[in-house]
Every structure is written in C-alpha cells, then in structure tokens.
Novice: 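Here it is, the structure in full.
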Amino acid sequence: MKELDKTYDPKQVEDKIYQMWEKSGYFNPDNLPPRHKKPFTIIMPPPNANGSLHIGHALFVTLEDIMIRYQRMQGRKSLWLPGADHAGFETQVVYTKKLEKEGRSFWEMPREQLYEEIKKFTLDNKKYMEGQLRKLGASCDWSREKFTLDEDIKKVVYETFKKLHDDNLVYRAERPVNWCIKHQTTLSDLEIKHEERRGKLYYIKYLIEAPTQGWSDSEYVVVATTRPETIPADIALAVHPKSKWAKYVGKNVLNPLNSKLMPVVADAKVDPEFGTGALKITPFHDPLDFEIFNAHKNEISGEPISVINQYGKLTENAGKDLAGLKVKEAREKSAELLQEKFSKEPGDYKHQVAVCYKCSTTIEPRVMMQWFVKMTEKPRTGKKSLRDLAVEAAKSKKIKFIPARQKKIFMHWMKNLRDWNISRQIVWGIQIPAWYHEPKCIPRAGHEGDIIKCKEIIISVTEPKCEFCDAKFVQETDVFDTWFSSGQWPFATLMTTKKGDFKKYYPTDVMETGWDILFFWVTRMMMLGIYRTSKIPFKNVYLHGLVRDKDRQKMSKSKGNVINPLEVADVYGTDAVRMALVIGTTAGNDPIISEDKIRGYRNFATKIWNASRFVLMNYRDTKAKPEFTASDRKNLKDLATAKKKITAYMDKSDFNHAAETAYHYFWHTIADKVIEQSKPRLKSENLTDAATAQIVLLKILLESLKLLHPFMPFITEEVYQMLPNKKQKVLMIEEW
RNA sequence: GGGCGCUUAGUUCAGUGGUAGAACGCUCGAUUCACAUUCGAGAGCUCACAGGUUCGAUCCCUGUAGCGCCCACCA
C-alpha cells in the first residue's frame with residue numbers, strides 16, 4: 001500500500017474523480033446496473049447562461065446532487081437532467097450593459113446582429129457553466145443536456161402556444177401593460193416592483209357644464225391626481241355613487257387642459273375615502289381607468305387617446321404646451337398651466353410607484369397590442385382554467401411542498417391572477433409563431449364571399465399563405481416571456497431527449513429551486529405542465545433560500561461580499577463547500593455561509609482522510625476468521641443506528657440533519673472512539689483479535705463512506721478506490 | 001391594505017408537550033504513537049414579553065412588542 005500524504009489535497013483528486021465518474025457512464029441512468037429499477041428524476045433548474053455560477057447555484061447543485069446520489073445508491077434509476085436557460089430579458093439586459101461598456105449601443109444595432117452576438121455570448125457562458133457544474137461534483141446526465149433554445153424544445157413551446165390558442169386561452173389584444181421606457185419592452189406583473197416615491201397630489205377643479213349660463217365657477221368636481229400631465233388624455237370622470245359628487249353623474253365636465261367635454265359616470269370602484277372621491281378616467285395610461293372606461297363605454301362618447309409615447313415623452317395629442325416634454329417635465333408644466341384651477345395647494349405625497357425590477361425606471365402603464373394567456377377562464381375544450389388546474393393540484397395530496405408553508409404562499413398568489421402578458425419587445429428569445437395578414441384581404445375575383453373565412457392571424461412556424469388573395473403575411477417580431485418557455489421545462493426536456501424518456505421519467509420526483517422564483521416558475525410549470533400533460537410535473541417542490549453572508553446580508557458584487565463557490569472550492573475543496581452549504585440549512589430558510597464555516601468542513605475532510613489512512617495502514621489481508629468482541633458488536637450496532645438515523649432524515653428531505661449526523665458519527669464516534677479503542681488491539685499478540693479489529697474498522701469505514709458520499713462525493717470516492725473491500729467500480733453506485 | 005415568517009448560548013442556527021442542543025468562538029489542559037486542519041475537560045441560554053390550555057410549555061392557543069420578507073391598479 002502506497003504511503004498517503006498527511007493531508008487531503010482536493011486539487012489532485014477532484015478532476016480525476018469526476019472524469020472517472022463520467023467515464024463510468026453511471027450519470028446516465030440507462031447504464032446503471034439492473035438493481036436500479038424505479039426511476040427517480042430531477043430536472044435541473046436551468047441556470048441563466050449570462051454569467052458564471054454563484055454561491056446560490058452551488059447551493060442548488062449541492063442539494064440536488066445529494067438527492068440524486070442518495071437515490072442512486074438506494075437503487076433508483078436516477079436521472080438528473082441538466083440544462084441552461086437563454087434567459088431572454090435578463091440576458092439582453094446583461095448584454096446591453098456589456099455593449100455600453102464597450103462604447104457600443106444596443107439600440108443602434110440591427111436585430112440579426114444582436115441576436116447572433118447574444119447567442120455567441122450565451123453559448124460561451126453555457127460552456128463555462130458546464131465546467132463549473134462539473135467542478136461542483138454534479139452527477140447529472142450530460143448526454144441529456146438541454147438548452148431552452150434547442151430546436152426541439154422550441155417546437156414543443158410552439159405546440160403549447162398553438163394548443164392554448166386553439167383552446168381560446170391565448171389572445172392578442174390592446175390591454176394595459178407595464179412598459180419600461182428604458183428597456184423598450186413590456187413586462188409581466190411579476191417583473192415590476194414597487195418603490196416609494198415622493199410626489200405631489202394635485203387637487204384640480206373640473207367645471208360642470210351649465211347650459212343656461214355658460215360655465216360656472218361655482219359648480220365643479222375636484223379630482224385629486226398625481227399625474228396632471230395625463231389630463232389631455234382624460235375622457236371622463238368617475239365618482240363613487242354615494243359620494244357628494246353623485247349629483248353630477250350624467251352631466252358633463254370640461255377638461256381643464258383641452259376644454260373637451262367629458263361625462264361624469266358613477267362607479268363603485270372609485271374609493272370614496274381616497275383624495276376627493278372623484279377619479280379622472282385616462283384609459284390609456286392607467287389600468288383601473290381602462291377597466292372603468294370599458295364598463296361605461298356606452299356613456300362615454302370620446303375615444304381614448306394616448307399622450308405618452310414609448311420613450312416616456314408627451315405626444316402631440318397632449319397639446320403644444322406639453323408635446324415633446326418628458327413625463328416629469330410635463331408634470332411640472334401642466335401643474336403650472338392648471339394653477340388657476342387648483343382647489344387647494346398641492347400636497348406632498350408619498351406613494352408606491354411601479355418600477356422596472358431591473359433598472360428601477362418608473363413603469364409607464366400603456367395600452368398596447370400584446371399577447372396574453374388567460375389565467376382564470378376555461379379553455380374551449382376543457383372544464384378548468386389554467387389557474388384551477390394548478391390550484392386543484394396543489395390542494396391534492398399528489399404534490400408536497402417543502403417547507404409546507406410555501407403552499408400557502410402559492411395559493412395566496414393564485415387567488416388574484418390577472419392575464420399573463422407573454423409578449424416581449426426584445427431580440428433575445430423565441431419569436432412568437434404568429435403571422436398577420438397585411439394588408440387586409442382583398443379576395444381574388446370569385447372569392448369575394450370567402451372573406452369571412454379569411455384569418456387575419458395565423459399561428460404557424462412557417463409563413464402561411466392566404467387562400468383568397470396574394471397578400472403576404474408578416475411575422476410577429478415579439479418574443480415569448482422566458483417564463484412561458486421555461487414554464488414548460490419538465491415536459492419539454494423529457495419529450496425531446498431519448499425516446500421513451502417522457503414515459504419513463506415523467507412526472508418527475510422533485511423540483512428543487514429557490515423560493516424567489518415560486519411565482520415566476522413553479523406556478524407556471526404547474527399550470528402549463530398539467531395543461532399539456534394532464535399530470536402534475538413533479539411530486540415534491542423543495543424550495544431553498546437565498547445564500548447570505550455572515551452578517552445576513554444578501555451577496556452582491558456591489559457590496560463586495562460575494563463568495564465565489566469555485567474560488568473557495570479551489571482553496572478548501574468542493575466537499576467542504578458542499579458541507580458548508582448543506583449543514584445548518586433548512587428548507588426555505590436563507591442559509592448563511594462564511595469562509596470560516598467552509599474551513600471547518602475542510603478540517604473534517606482532513607479528518608476523514610487521516611482516519612481512512614489509519615485504517616488502511618493497519619489493514620492486512622490475513623484471511624483470519626473474525627471473532628467479534630462485545631465492543632465490536634456495539635460499534636457495529638452504532639453504525640446501524642447512525643445509518644438508520646441518516647436514512648430517516650434523508651427520506652424526510654432533511655439534508656441538514658442527515659449531513660450533521662454523518663459528520664458527528666464519523667468524527668466523534670469513528671475517529672474519537674472506535675479508532676482509539678482499536679489501537680491496543682491492532683498491536684496485540686492475539687492475531688485473531690488484531691485481525692477482527694481490522695475487519696471491523698474496514699467495514700465501518702466502508703459503510704461510513706457511503707453515508708457521507710452524497711454530501712462529500714469526492715473524498716469519499718477517492719478513499720473508496722483504495723479500499724480492499726470495495727464491491728463496485730465506483731462508490732457512486734454502491735448500495736446504500 | 002392583504003399575506004407569510006422570525007425572536008433559543010458570545011455568534012450563526014437546529015430542536016422537542018416532560019427540568020435545553022450543534023457548529024464556530026471562548027477558558028483550562030494534553031500532544032514523538034492516523035490527523036495541531038489534533039485530542040481531552042469546561043464555562044455559557046430564566047428558549048422576546050404577557051396571559052391561557054395542561055399534572056407539566058421553549059414547543060399548543062390568544063394577545064403585545066421588535067425584526068424580516070412577499071403580494072397589491074388607492075388615483
């Protein structure tokens with residue numbers, strides 16, 4: 001037996017071991033020995049391919065790898081399917097910044113060139129990330145790796161879109177949407193956040209039309225608004241039916257900026273407690289106004305107009321005084337113009353304003369032609385809305401949330417769902433497969449009557465042709481919200497890997513991801529997954545927290561408290577990093593990690609190394625028949641107890657305690673007691689007793705390596721390879 | 001405005017209806033014998049506060065306080 005170093009050097013071991021695993025082929029469940037029968041599947045949440053992996057990724061890799069390695073040892077046909085996400089909007093934002101740094105402008109580049117450049121950027125990152133995943137020990141099946149822009153994945157996404165469209169669950173319409181004037185795209189309700197902003201609340205008189213004596217200064221409705229600049233787009237006033245203004249319902253008021261006549265309508269949606277209890281209706285610049293307008297269309301004669309353009313500037317519709325100004329400037333200017341009509345001085349006002357979650361630019365609510373998915377309506381051919389499919393699934397016992405409280409949060413969010421805006425005006429993504437008949441159909445001679453059959457929108461990947469005229473179809477340039485495609489990930493991946501995979505591995509066993517994307521991702525996977533496959537895509541949802549530093553701070557580059565998992569793994573070894581991430585980490589809570597903690601587990605790796613070294617140095621293959629003493633029997637019983645405990649924790653997904661128990665057992669039972677007690681016996685003249693001690697030690701070592709393997713795969717595998725009593729080529733597939 | 005959590009040793013966190021645990025830190029001691037990235041011993045928590053249920057509560061219930069997070073079209 002060769003002399004081992006006194007300390008364990010992960011650098012010399014990890015790459016070599018990983019290569020050995022990959023070469024063994026056992027990452028691919030198809031290659032596992034026949035004892036592996038029942039499938040166990042985890043689809044990896046595909047990391048965004050727009051940067052390198054951070055400590056949060058290391059956490060998910062650790063947790064999922066623990067689950068997969070454990071189940072693999074338990075004899076499950078374990079598939080961990082890796083992937084990468086093109087992450088449309090996120091990546092485009094990152095790339096835009098990169099261009100800025102290089103002195104180039106995103107907005108001045110042709111779409112095709114941008115797409116190609118971002119593609120290269122993404123694929124480079126993807127490749128780099130794959131290396132990082134290997135470094136972290138991820139035992140995933142690389143032969144089944146998928147990317148969200150793979151042609152076959154796109155095909156599945158197109159099919160889903162078509163099915164939703166045929167089912168009347170997808171529609172294109174002019175609806176209020178969240179518009180980011182910086183990024184020049186719409187965002188879903190989840191992609192905006194609210195920030196407190198200081199502003200002013202203006203109290204403005206809208207004079208009542210008094211036909212007999214002209215306009216009276218004594219009769220008016222006072223409206224409180226924070227956005228006087230949108231007054232030119234006002235089309236009505238709404239008052240609460242029980243407010244003091246109710247007597248004016250049915251009368252007209254004068255628009256204080258452009259003198260147009262507008263009706264006063266009654267609507268209970270107006271909060272009588274807020275402001276003055278009267279609301280100006282500006283349908284194209286406020287979602288509530290849009291709703292009230294639609295409810296009162298027959299009472300309102302004017303057509304809604306837009307006075308703010310896509311760049312956040314006032315249009316000519318706003319009148320010559322405001323046209324061309326930015327919203328903020330226009331607000332001041334309009335306030336100035338309206339001064340005479342103030343019923344009292346504007347008050348300082350703090351309120352929550354919707355802003356872009358990426359750049360914190362104020363979101364401009366606009367009414368735009370967009371694609372939406374209906375959340376709460378029944379499909380044409382089915383009984384349940386997308387929401388109901390997911391809610392009923394969550395209520396059933398077929399899916400378990402870990403921690404359980406996340407289910408409450410899930411349900412609560414599901415309660416108030418509005419239709420999902422899935423179209424984005426960005427370059428990087430999957431283009432929506434819709435074609436528009438432009439110009440409109442002018443049927444050829446003899447087909448005049450067929451115009452009613454002509455479709456103005458056709459859902460198709462390839463260019464359609466009109467049966468009745470020679471006009472061309474123009475393709476939609478908008479792309480899907482990334483979550484629309486990644487929401488299909490569990491089935492889209494398994495439908496497009498090897499033949500039979502979907503049948504064998506779907507539904508999957510665990511969806512392990514961060515709680516921060518519960519709404520973005522898990523809810524969408526539930527809705528779309530059940531909709532397409534009639535099955536809940538996963539049996540367990542395990543949600544981990546956000547990794548924080550030792551002062552409980554979020555890690556961010558700007559704070560300079562980022563721990564790069566690969567850098568610390570380089571210093572202390574991947575096994576130590578994995579242990580630091582899993583011990584003390586309970587599902588759903590934010591784990592705290594510091595270099596001290598990692599160092600502690602590096603010491604543990606050294607402990608494992610030296611204890612193993614001791615056992616191996618003292619082992620001779622004597623072929624003696626063991627005669628177990630009482631203490632041997634006790635030690636073997638302790639081993640069985642530890643194993644039982646760890647197994648129970650693993651089966652409860654309590655990896656924190658499983659790891660801690662294994663740690664404790666190895667250090668304080670095996671190293672401190674079993675080995676210490678064996679020392680005199682190993683030197684004993686009684687050869688049978690010495691041999692028995694050796695055999696017991698070796699047996700306990702082997703079993704403990706198994707117990708530690710899911711957590712610390714590298715060092716345990718390295719030691720295993722030196723054991724004289726190993727039964728398999730690799731520890732990875734040993735029986736638990 | 002709605003919802004979800006948290007409050008346990010110096011620190012970070014586990015945990016249980018029956019007179020409190022781990023890691024790190026700290027104190028004292030040991031060490032040619034697998035490991036100083038070590039070993040042994042030890043100090044340290046009235047489990048936020050106030051009520052209630054109970055034979056018994058840190059754990060269950062109610063309330064209070066502080067902290068955190070998520071959701072939200074009060075213009």
Side-chain angles (χ1 to χ4, degrees), chain A residues 3-8 176 178 189-190 192-194 199 201-202 223-228 230 237-238 269-282 285-292 349 351-354 363 365 403 405-418 515-516 518-519 545-546 548-552 554 572-573 576 579-580 583-586 588-594 596-618 654 656-657 659-661 663-664 667-668 671-672 675-676 678-680 682-683 697:
Chain A
E3 188 64 19
L4 296 175
D5 288 340
K6 277 189 167 190
T7 52
Y8 167 68
N178 309 303
D189 293 341
L190 276 175
I192 58 172
K193 52 181 185 176
H194 291 86
L201 193 57
Y202 300 90
V223 169
T225 181
T226 54
R227 302 203 64 182
T230 63
L237 289 192
K269 286 197 189 74
V270 180
D271 179 357
E273 304 298 318
F274 184 85
T276 62
L279 180 63
K280 68 191 202 63
I281 299 303
T282 320
H285 298 294
D286 186 282
L288 176 63
D289 293 7
F290 186 80
E291 202 180 308
I292 294 177
Y349 186 60
H351 58 153
Q352 300 286 320
V353 173
I363 288 294
R405 77 180 121 88
Q406 293 290 345
K407 187 151 142 182
K408 285 190 220 167
I409 299 173
F410 175 97
M411 289 297 195
H412 188 253
W413 188 76
M414 282 291 189
K415 255 183 204 161
N416 332 290
L417 271 188
R418 292 196 288 167
W515 56 250
D516 52 325
L518 175 66
F519 304 145
L546 245 65
R548 314 244 174 193
D549 74 2
K550 61 178 188 299
D551 301 318
R552 284 194 131 261
K554 271 187 198 175
Y572 302 107
M579 281 298 264
I583 290 191
T585 300
T586 46
N589 292 331
D590 294 346
I592 287 173
I593 192 162
S594 63
D596 282 348
K597 192 172 176 187
I598 299 169
R599 199 177 294 125
Y601 294 108
R602 187 271 317 267
N603 296 355
F604 179 52
T606 309
K607 192 61 163 178
I608 296 174
W609 185 252
N610 278 293
S612 305
R613 199 160 71 99
F614 177 83
V615 172
L616 289 171
M617 282 189 320
N618 283 289
D654 186 348
N656 165 28
H657 284 106
E660 199 177 282
T661 307
Y663 168 91
H664 225 257
W667 199 317
H668 300 299
D672 291 351
I675 286 182
E676 288 306 321
S678 75
K679 282 179 180 172
L682 291 169
K683 289 185 198 137
L697 281 176

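Quantities reported herein were computed from a predicted structural model and do not represent experimental measurements.
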Novice: Heavy atoms under 4.0 Å, any strand shown: does A:T7 hit a base, just sugar-phosphate, or nothing?
Specialist: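 Base, at least one base heavy atom under 4.0 Å.
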Novice: Within less than 4.0 Å of OP1 or OP2 of B:A75, is there a side-chain N or O belonging to A:K269?
Specialist: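 Indeed not, no polar side-chain atom of A:K269 lies that close.
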Novice: Heavy atoms from C-beta onward define the side chain here; which of B:C71, B:C73, B:A14 lies closest to that of A:F519?
Specialist: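 Among the listed nucleotides, the one closest to the side chain of A:F519 is B:C71.
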Novice: Do any side-chain nitrogens or oxygens of A:K6 fall under 4.0 Å of OP1 or OP2 in B:C35?
Specialist: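 Yes.
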Novice: So, for A:D289 and A:K280, which heavy atoms are closest and what is the spacing to 0.1 Å?
Specialist: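 Where A:D289 meets A:K280 most closely, the heavy atoms are OD2-O, 3.0 Å.
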Novice: Evaluate the side-chain proximity of A:I409 to A:K407: yes if any heavy-atom separation is below 4.5 Å, no if none is.
Specialist: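 With C-beta onward as the side chain, the pair stays apart.
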Novice: Tell me: CZ of A:F410 to C1' of B:G3, nearest whole Å?
Specialist: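 Interatomic distance, CZ of A:F410 to C1' of B:G3: 16 Å.
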Novice: Heavy atoms from C-beta onward define the side chain here; which of B:A14, B:A75, B:A34 lies closest to that of A:N656?
Specialist: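 Of all the options, the side chain of A:N656 is nearest to B:A14.
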Novice: Which part of the nucleic acid does A:V615 contact within heavy-atom distance under 4.0 Å: base, sugar-phosphate only, or nothing?
Specialist: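 Nothing, no heavy atom under 4.0 Å.
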Novice: Does A:Q406 reach the side chain of A:L518, with side-chain heavy atoms less than 4.5 Å apart?
Specialist: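 They are in contact (side-chain heavy atoms under 4.5 Å apart), so the answer is yes.
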Novice: Can you tell me which nucleotide in B:A75, B:C73, B:C35 comes closest to the side chain of A:P287?
Specialist: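 Looking only at heavy atoms from C-beta outward on A:P287, the closest nucleotide is B:C73.
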Novice: Please measure how far the P atom in B:U54 lies from the corresponding atom in B:U7, and state the result in whole Å.
Specialist: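 Their P atoms lie roughly 27 Å apart.
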Novice: How far does the C1' atom of B:G3 sit from the matching atom of B:U37, given to the nearest Å?
Specialist: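 Their C1' atoms lie roughly 47 Å apart.
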Novice: If we take the P atom in both B:G2 and B:U64, what is their distance in whole Å?
Specialist: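 B:G2 and B:U64 have their P atoms separated by 14 Å.
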Novice: Measuring only between side-chain heavy atoms, which start at C-beta, is A:M579 closer than 4.5 Å to A:K597?
Specialist: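 The answer is no, as the side chains (C-beta and beyond) never meet within the 4.5 Å cut-off.
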Novice: CD1 of A:I192 versus P of B:A72: gap in Å, rounded?
Specialist: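 Taking atom P of B:A72 as the reference, CD1 of A:I192 is at 7 Å.
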Novice: Kindly say if A:H412 contacts the phosphate of B:C70, meaning a side-chain N or O under 4.0 Å from OP1 or OP2.
Specialist: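 For B:C70, neither OP1 nor OP2 has a side-chain N or O of A:H412 closer than 4.0 Å.
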Novice: Does the A:N610 side chain pair with the main chain of A:K6, one donor and one acceptor, at a distance under 3.5 Å?
Specialist: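 Side chain of A:N610 to backbone of A:K6, a donor-acceptor pair under 3.5 Å: yes, one is there.
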Novice: Within the 4.0 Å heavy-atom criterion, would you say A:I409 contacts the bases, only the backbone, or no part of the nucleic acid?
Specialist: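 Contact class for A:I409: sugar-phosphate only.
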Novice: Using the C1' atom as the point on both nucleotides, what is the distance between B:A9 and B:U58, in whole Å?
Specialist: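 So the two C1' atoms sit 14 Å from each other.
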Novice: A side-chain contact here means heavy atoms from C-beta on lying under 4.5 Å apart; do A:P365 and A:P287 qualify?
Specialist: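 Yes - at least one pair of side-chain heavy atoms lies under 4.5 Å apart.
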Novice: Please report the distance separating the C1' of B:C28 from the corresponding atom of B:G44, rounded so that it comes out in whole Å.
Specialist: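 It works out to 15 Å between them.
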Novice: In whole Å, what is the span from the NZ atom of A:K280 to the P atom of B:A75?
Specialist: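 The distance from NZ of A:K280 to P of B:A75 comes to 13 Å, rounded to the nearest Å.
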Novice: What's the NE2-P distance between A:H285 and B:A75, to the nearest Å?
Specialist: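 Spelled out: NE2 on A:H285 to P on B:A75 is 17 Å.
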Novice: For A:Y8, which contact category applies under a 4.0 Å heavy-atom criterion: base, sugar-phosphate, or nothing?
Specialist: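 Answer is nothing: A:Y8 stays at 4.0 Å or more from every strand.
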Novice: Determine the contact category for A:D516: base if any of its heavy atoms lies under 4.0 Å from a base atom, sugar-phosphate if only primed atoms, P, OP1 or OP2 are that close, otherwise nothing.
Specialist: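 Here A:D516 touches no strand at all.
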Novice: Can we call the ring centroids of A:Y601 and A:Y663 under 6.0 Å apart?
Specialist: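 Close enough - the centres of the two rings lie under 6.0 Å apart.
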Novice: At 4.0 Å (heavy atoms only), tell me whether A:S612 reaches a base, stays on the sugar-phosphate, or touches nothing.
Specialist: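 No contact at all - A:S612 keeps every heavy atom at 4.0 Å or more from the nucleic acid.
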Novice: For B:G5, does either OP1 or OP2 sit under 4.0 Å from a side-chain N or O belonging to A:K408?
Specialist: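 It does, given that an N or O in the side chain of A:K408 lies less than 4.0 Å from OP1 or OP2 of B:G5.
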Novice: Considering just the side-chain nitrogens and oxygens of A:H664, establish if one lies under 4.0 Å of OP1 or OP2 belonging to B:A23.
Specialist: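 For B:A23, OP1/OP2 do have a side-chain N/O of A:H664 under 4.0 Å.
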Novice: Quick check against the 3.5 Å criterion: does A:D590 have a side-chain atom that pairs as donor or acceptor with the backbone of A:G545?
Specialist: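 Flag not set: sc A:D590 to bb A:G545 has no pair under 3.5 Å.
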Novice: Test the A:K607-A:Y8 pair against the cation-pi criterion, namely NZ or CZ under 6.0 angstrom from the six-membered ring centroid and within 45° of the ring axis.
Specialist: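 Output no; distance or angle outside limits.
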Novice: Quickly work out the A:K607 NZ to B:A34 P distance and round it to whole Å.
Specialist: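 For the pair A:K607 NZ and B:A34 P, the rounded distance is 11 Å.
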Novice: So what does A:D289 touch, heavy atoms closer than 4.0 Å: a base, only the sugar-phosphate, or nothing?
Specialist: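 Nothing, no heavy atom under 4.0 Å.
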Novice: Taking C-beta and beyond as the side chain, do A:W515 and A:N589 meet within less than 4.5 Å on heavy atoms?
Specialist: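 Contact flag for A:W515/A:N589 side chains = no.
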Novice: Can you tell me, in whole Å, how much space there is between the C1' of B:C69 and that of B:G56?
Specialist: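 Rounded to whole Å, the distance is 36 Å.
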Novice: Measure CD1/A:I675 against P/B:U38 and give the value in whole Å, please.
Specialist: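 Atom CD1 in A:I675 sits about 15 Å away from atom P in B:U38.
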Novice: Remember a base hit wins even if backbone is also touched, and classify A:Q352 as base, sugar-phosphate or nothing at under 4.0 Å, heavy atoms.
Specialist: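 Base, at least one base atom sits under 4.0 Å.
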Novice: Looking for any heavy atom pair under 4.0 Å, which part of the strands does A:R405 touch: base, sugar-phosphate only, or nothing?
Specialist: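 Answer is sugar-phosphate: A:R405 comes under 4.0 Å of backbone atoms only.
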Novice: If you assign A:A224 and A:K679 each to the RNA chain B nucleotide with the nearest heavy atom, which residue ends up on the more 5' nucleotide?
Specialist: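 Looking at the nearest nucleotide for each, A:K679 comes out on the 5' side.
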Novice: Side chains of A:F604 and A:I583: closer than 4.5 Å at any heavy-atom pair?
Specialist: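 No; the side chains remain at least 4.5 Å from each other.
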Novice: Quick one: does A:L237's side chain get under 4.5 Å of A:L279's, heavy atoms only?
Specialist: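 Counting from C-beta outward, A:L237 and A:L279 never come under 4.5 Å.
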Novice: Output one letter per nucleotide in nucleotides 24-30 of chain B: B when a protein non-hydrogen atom lies under 4.0 Å from the base, S when only the sugar-phosphate is that close, - when neither is.
Specialist: -------
Novice: Could you check whether any side-chain heavy atom of A:R602 comes within less than 4.5 Å of a side-chain heavy atom of A:T606, counting everything from C-beta outward?
Specialist: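 Of all side-chain heavy-atom pairs linking A:T606 with A:R602, at least one is under 4.5 Å.
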Novice: Heavy atoms under 4.0 Å, any strand shown: does A:A605 hit a base, just sugar-phosphate, or nothing?
Specialist: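 If one applies the 4.0 Å heavy-atom cut-off, A:A605 turns out to touch nothing in the nucleic acid.
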Novice: NA contact type, A:E676, heavy-atom cut-off 4.0 Å: base, sugar-phosphate, or nothing?
Specialist: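 Result for A:E676 = base.
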Novice: Between A:D271 and A:W515, who's closer to the 5' end of RNA chain B by nearest nucleotide?
Specialist: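 Residue closer to the 5' terminus by nearest nucleotide: A:W515.
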Novice: Is the backbone N or O of A:T7 less than 3.5 Å from a side-chain atom of A:D5, with the two atoms forming a donor-acceptor pair by type?
Specialist: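 Judged by distance alone, no pair lies under 3.5 Å.
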Novice: Give one of base, sugar-phosphate or nothing for A:I583, where a contact means two heavy atoms less than 4.0 Å apart.
Specialist: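 Contact class for A:I583: none.
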Novice: A:Y349 side chain N/O closer than 4.0 Å to the phosphate oxygens (OP1, OP2) of B:A75?
Specialist: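 The answer is yes; a side-chain N or O of A:Y349 sits under 4.0 Å from OP1 or OP2.
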Novice: Expressed as a whole number of Å, how far does the C1' atom of B:A65 sit from that of B:G29?
Specialist: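 Each nucleotide's C1' atom is 46 Å from the other's.
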Novice: Please determine if a side-chain N or O atom of A:R418 lies less than 4.0 Å away from the OP1 or OP2 oxygen of B:C73.
Specialist: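 Affirmative; the distance criterion is met.
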Novice: Taking atom C1' in both B:G18 and B:C13, what distance in whole Å separates the two?
Specialist: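 Nearest-Å result for B:G18 against B:C13 at atom C1': 24 Å.
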Novice: Given that both pair distances must be under 3.5 Å and the pair must be Watson-Crick or G-U, what runs of three or more consecutive pairs involve RNA chain B?
Specialist: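 Consecutive-pair runs (3 or more) involving RNA chain B: B:1-7 with B:65-71, B:10-13 with B:21-24, B:26-30 with B:38-42, B:48-52 with B:60-64.
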Novice: Whole-Å distance between B:A23 C1' and A:Y601 OH?
Specialist: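 After rounding, the reported distance stands at 6 Å.
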Novice: Given B:U38, is OP1 or OP2 found less than 4.0 Å from the side-chain N or O atoms of A:N603?
Specialist: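 So the side-chain polar atoms of A:N603 do come within 4.0 Å of the phosphate oxygens OP1 or OP2 of B:U38, strictly under.
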Novice: In whole angstrom, what separates A:H194's NE2 from B:G2's P?
Specialist: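 Rounded to whole Å, this separation is 17 Å.
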